[in-house]
K.L.:
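This is the structure I have questions about; it appears just below.
Being a predicted model, the structure only gives us computed values, none of them experimental.
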Amino acid sequence: KYSSVIQLQKNQRGQRRRLRRWEEEKYEDGVKWRFLEHKGPYFPPEYQPLPDNVQFYYNGKAVKLSLAAEEVAVFFAQMLDHEYTTKKVFRENFFKDWRKEMTHDERSLIKDLDKCDFGEIHAMHKAKVEARKNMSKEEKLALKEANQKIIDEFGYCLLDHHKERIGNFKIEPPGLFRGRGEHPKQGMLKKRIQPEDVIINCSKNSCIPAAPPGHHWKEIRCDNTVTWLASWTENIQGSIKYIMLNANSKLKGEKDWEKYEIARKLKSCVEGIRSQYHQDLKSKQMGTRQRAVALYFIDKLALRAGNEKEEGETADTVGCCSLRVEHITLHEQLDGNECVVEFDFLGKDSIRYYNKVPVIRKVFKNLKLFMENKEPGDDMFDRLNTNMLNKHLSSLMMGLTAKVFRTYNASITLQQQLRELSNKSENQAEKLLSYNRANRAVAILCNHQRAPPKTFEQSMATLQAKIDARKEQLALAKSDRVYIPRKKNAVQRSEEQLLKLEVQATDREENKQIALGTSKLNYLDPRISVAWCKNMEVPLEKIYNKSQRDKFAWAIDMTEADFEF
DNA sequence: ATGGAGACTTAGAATGGCATGG
DNA sequence: CCATGCCATTCTAAGTCTCCAT
């Protein structure tokens, strides 16, 4: 499978043969490595009991808690500044799980969370954070060195011929689960992982990592068809967590490259697929029409596939196939447009998707039909799921799934926007602004949002104050009736600076709730950016930081200025 | 077909560290 | 020189999609 991608790459028109490391060693289907050796995961430190002068109070009386109960109480106390701890669901889940950790006596005493006073523990925690901030240079350096030692020992593995950085070599520490959005399990206790819970994956003939003293691993496995080094089952959702390689590794890089090659393959056949689903909108089969409408959304709006989710296990979020009637409002007429679909739903990470989209009449009519005789909570696409959709897609093109459309549309949009917005005659700052604007167009398409930075309003106000001051100064200078030639230049400069500030303000305001990083990292073929930098004579470091350059090493290595996505 | 386990990518928030300018 | 704000890194949750048993 992989060698076919390489073949495709080699045959690409105008593509230079600078593949080197990226084309060595192809394995038979499914095999990910021949040799894998590592030191196992790094475990978080043991719980340190509270000092005697820091006490927990119940109903006004000091209570010395057992070690297990105390540890969980500390988890809660540490979060007291956070809004989470005021939420009913969070508090109930926490209290229920906390009581499980208590001794019999503690359980019979502590029956009401509202009567618990974590104040001293909370204060101690804040003091610790403060002390950490105020550490001396020497202390900070010592800490840094100690951390580096841990990275040196546990942070790397040997995979075939290469020493590779591990992405997450640390076992996740215990704590209170913080889901996103209205998560029904928020506040539950995320338990401490023991070596006895951990499966190690490595070569038979490698140096098998030793479990921490007095412990043993759950299992030693030698499975070279997977890429993970260690895994354990987490207790909140019962899902498996993995220790895997860093994004800059060869293994991840090749996978990334393959992803973009599949998206480019879609480019060559997307017109055919589009005319096919336009035909399918008229199908006699309701299921086929639903599939066509879903595909229309996925293609046009870059919606996610939308797998079904188990109710009550996670926050109530949806993607395309799991949209419900309540998430869509149809408008025959809206703001001068016909056939407008108004979307309002929570997507991945409970990020709201709100959009008013004019659609073609056939889609509009179908939607109306799908919604007939349904309750708000009913599925919009009751004859469709992601499995059926992906089966259909893979029959149209090898390797095609719903998410490929997001990659394809993101990358093609970046390429188009860069061509439209940027110009070789611009100065570097202007070029970078154009690049960011192209990137922003993609982020908006993919609905990549962020919470406005906490300091946003303030930093915006500071900027606005600067602008106002500059305006006032300008007005004053201009109202001066006496013409002073020396002032002319100063006024001009002042006007330029005002413009700059205003652009900056607009830029920041536009970016208030937009996150550019996710698309840059996961959706935009880096070769587009590398080629753009070469064409525009912009240093690559201006758009990719060190770790991004490492992650995209494969693209930097092989891309010439004439690359076309 | 259906459902669940498993493996892997994608995601925003929190944290950490460093540059910059008052 | 230090506070402050910004950017990079870390963290781990939340998706997608495949495979396999029933």
Side-chain angles (χ1 to χ4, degrees), chain A residues 30 32 44 79 82 84 129 132-133 135 140-141 143-144 147 151 155 167-173 175 177-181 183 185-186 190 199 201 223 225-228 231 233-234 236-247 251-252 255-256 258-259 298 303-310 313-315 317-322 346-351 385-391 393-394 399-407 410 443 446-456 458-459 462-463 508 513-523 544-548 550-551:
Chain A
K32 306 290 169 51
M79 299 172 82
H82 205 287
Y84 272 104
V129 170
R132 173 176 277 263
K133 245 194 277 177
M135 277 189 308
K140 280 185 179 169
L141 189 70
L143 199 68
K144 204 175 167 181
N147 280 331
I151 295 172
N168 57 325
F169 59 88
K170 290 175 176 169
I171 295 276
E172 293 172 17
F177 176 77
R178 307 148 81 134
R180 307 274 171 95
H183 202 296
K185 297 194 171 186
Q186 63 188 104
K190 191 169 118 165
I199 302 172
N201 192 35
D223 182 354
T225 68
V226 296
T227 65
W228 52 269
S231 72
T233 301
E234 148 274 340
I236 303 289
Q237 314 280 357
S239 65
I240 308 168
K241 299 266 185 163
Y242 301 94
I243 289 191
M244 288 186 184
L245 295 184
N246 190 282
L251 204 63
K252 293 276 192 190
K255 199 73 193 303
D256 212 31
E258 189 184 345
K259 174 181 77 182
I298 284 169
L303 298 192
R304 295 188 185 82
N307 287 309
E308 300 102 298
K309 301 168 75 185
E310 213 176 323
E313 294 293 302
T314 60
T317 63
V318 297
C320 185
C321 292
S322 50
L346 297 182
K348 182 177 179 180
D349 294 316
S350 292
I351 298 291
N385 61 41
T386 53
N387 246 306
M388 297 157 71
L389 180 66
N390 281 333
K391 278 229 172 82
L393 289 175
S394 72
L400 185 62
T401 60
K403 85 198 256 291
V404 179
F405 281 88
R406 256 167 98 78
T407 311
C446 294
N447 199 41
H448 290 143
Q449 297 188 30
R450 59 169 183 170
K454 279 190 185 108
T455 54
F456 185 85
Q458 200 190 343
S459 81
T462 314
L463 196 58
R508 201 182 291 181
Q513 306 195 73
I514 312 285
L516 300 184
T518 300
S519 50
K520 205 174 190 176
L521 226 52
N522 300 300
Y523 288 105
Y544 288 143
N545 65 33
K546 181 70 173 77
S547 57
Q548 289 165 340
D550 286 347
K551 168 171 172 158

K.L.:
Going by the rule side-chain contact (heavy atoms from CB on, under 4.5 Å), which residues pair with A/R406 if we only count those two or more places apart in sequence or in a different chain?
P.N.:
A/A302, A/R304, A/C446, A/H448, A/Y523
K.L.:
Grab the CD1-C1' distance between A/I236 and C/dA13 for me, whole Å please.
P.N.:
11 Å
K.L.:
Counting only side-chain N and O atoms of A/H82, is one of them less than 4.0 Å from OP1 or OP2 of B/dA13?
P.N.:
no
K.L.:
If you check every side-chain atom of A/P173, which of B/dA13, C/dT12, B/dG6 has the closest atom?
P.N.:
C/dT12
K.L.:
Strictly under 4.0 angstrom, non-hydrogen atoms only: write out the protein contact profile of nucleotides 14-22 of chain C, one letter per nucleotide from the 5' end, B, S or -.
P.N.:
BSBBB----
K.L.:
Mind checking what makes ring-ring contact (aromatic ring centres under 6.0 Å, His included) contact with A/Y242, not counting sequence neighbours?
P.N.:
A/W228
K.L.:
Among residues at least two apart in sequence or on other chains, which ones pass side-chain hydrogen bond (donor to acceptor under 3.5 Å, both in side chains) with A/Y544?
P.N.:
A/S529
K.L.:
Report the distance from atom NZ of A/K551 to atom P of B/dT10, rounded to the nearest whole Å.
P.N.:
7 Å
K.L.:
Measure the distance from CG on A/L521 to P on B/dT10 and round it to the nearest whole Å.
P.N.:
9 Å
K.L.:
Atom CH2 of A/W228 and atom P of B/dT9: how far apart are they, to the nearest Å?
P.N.:
15 Å
K.L.:
Does a donor on one side chain and an acceptor on the other come within less than 3.5 Å for A/T401 and A/N390?
P.N.:
no
K.L.:
Quick one: label A/K259 by what it contacts on the DNA or RNA (base, sugar-phosphate, nothing), any heavy atom closer than 4.0 Å.
P.N.:
sugar-phosphate
K.L.:
What's the closest nucleotide to the side chain of A/K241 if the choices are C/dT12, B/dA11, B/dC8?
P.N.:
C/dT12
K.L.:
What is the nucleic acid contact for A/S239, judged by heavy atoms within less than 4.0 Å: base, sugar-phosphate only, or nothing?
P.N.:
nothing
K.L.:
Using a 4.0 Å cut-off on protein heavy atoms (strictly under), produce a 5'-to-3' string for nucleotides 5-10 of chain C with B for base contact, S for backbone-only sugar-phosphate contact, and - for none.
P.N.:
-S-SS-
K.L.:
Apply ring-ring contact (aromatic ring centres under 6.0 Å, His included) to A/F169 and list each qualifying residue two or more places apart in sequence or on a separate chain.
P.N.:
none
K.L.:
With a cut-off of less than 4.0 Å, is there a side-chain N or O of A/Y523 near OP1 or OP2 of B/dA11?
P.N.:
yes
K.L.:
I'd like to check the side-chain hydrogen bond (donor to acceptor under 3.5 Å, both in side chains) partners of A/K144; sequence neighbours left out, ordered by chain and number.
P.N.:
none
K.L.:
Enter the distance from A/C321:SG to A/L389:CG here, rounded to the nearest 0.5 Å.
P.N.:
5.0 Å
K.L.:
With sequence neighbours excluded, tell me which residues meet side-chain contact (heavy atoms from CB on, under 4.5 Å) with A/K133.
P.N.:
A/E130
K.L.:
In terms of side-chain geometry, is the basic nitrogen of A/K252 or A/D256 positioned less than 4.0 Å from the acidic oxygen of its partner?
P.N.:
no
K.L.:
Calculate the interatomic distance between A/Y84 atom OH and B/dA13 atom C1'; express it in whole Å.
P.N.:
8 Å
K.L.:
Answer with base, sugar-phosphate or nothing: what part of the nucleic acid does A/K32 contact at a heavy-atom distance below 4.0 Å?
P.N.:
sugar-phosphate
K.L.:
Just verifying a value: how many Å separate A/Q186 CD and A/F177 CZ, rounded to the nearest 0.5 Å?
P.N.:
9.0 Å
K.L.:
Using a cut-off of strictly less than 4.0 Å, decide whether A/S231 has a side-chain nitrogen or oxygen near OP1 or OP2 of B/dA7.
P.N.:
no
K.L.:
Rounded to whole angstroms, how far apart are NE2 on A/H448 and P on B/dT9?
P.N.:
16 Å
K.L.:
For C/dA13, does OP1 or OP2 lie under 4.0 Å from any side-chain N or O of A/K190?
P.N.:
yes
K.L.:
Between A/L251 and A/Q449, just flag the one whose closest nucleotide in DNA chain B comes earlier from the 5' side.
P.N.:
A/L251
K.L.:
Scan A/I351 against the nucleic acid and name what it touches under 4.0 Å (heavy atoms): base, sugar-phosphate only, or nothing.
P.N.:
sugar-phosphate
K.L.:
For A/E258 and B/dC8, give me the distance from atom CD to atom P, rounded to whole Å.
P.N.:
12 Å
K.L.:
Would you please name every residue forming a side-chain hydrogen bond (donor to acceptor under 3.5 Å, both in side chains) with A/K170, sequence neighbours left out?
P.N.:
none
K.L.:
How does each nucleotide of nucleotides 16-22 of chain B score, in 5' to 3' order, for protein heavy atoms under 4.0 Å: base (B), sugar-phosphate only (S), or none (-)?
P.N.:
--S----
K.L.:
Under 4.0 Å: is that the gap between some side-chain N or O of A/K133 and OP1 or OP2 of B/dT15?
P.N.:
no
K.L.:
Just to verify, what does A/K309 make a side-chain contact (heavy atoms from CB on, under 4.5 Å) with, not counting sequence neighbours?
P.N.:
A/T314, A/T317
K.L.:
Rounded to whole Å, how long is the line connecting atom CG of A/N385 with atom P of B/dG3?
P.N.:
10 Å
K.L.:
Could you tell me which residues satisfy side-chain hydrogen bond (donor to acceptor under 3.5 Å, both in side chains) with A/K241, sequence neighbours excluded, listed by chain and number?
P.N.:
A/E172
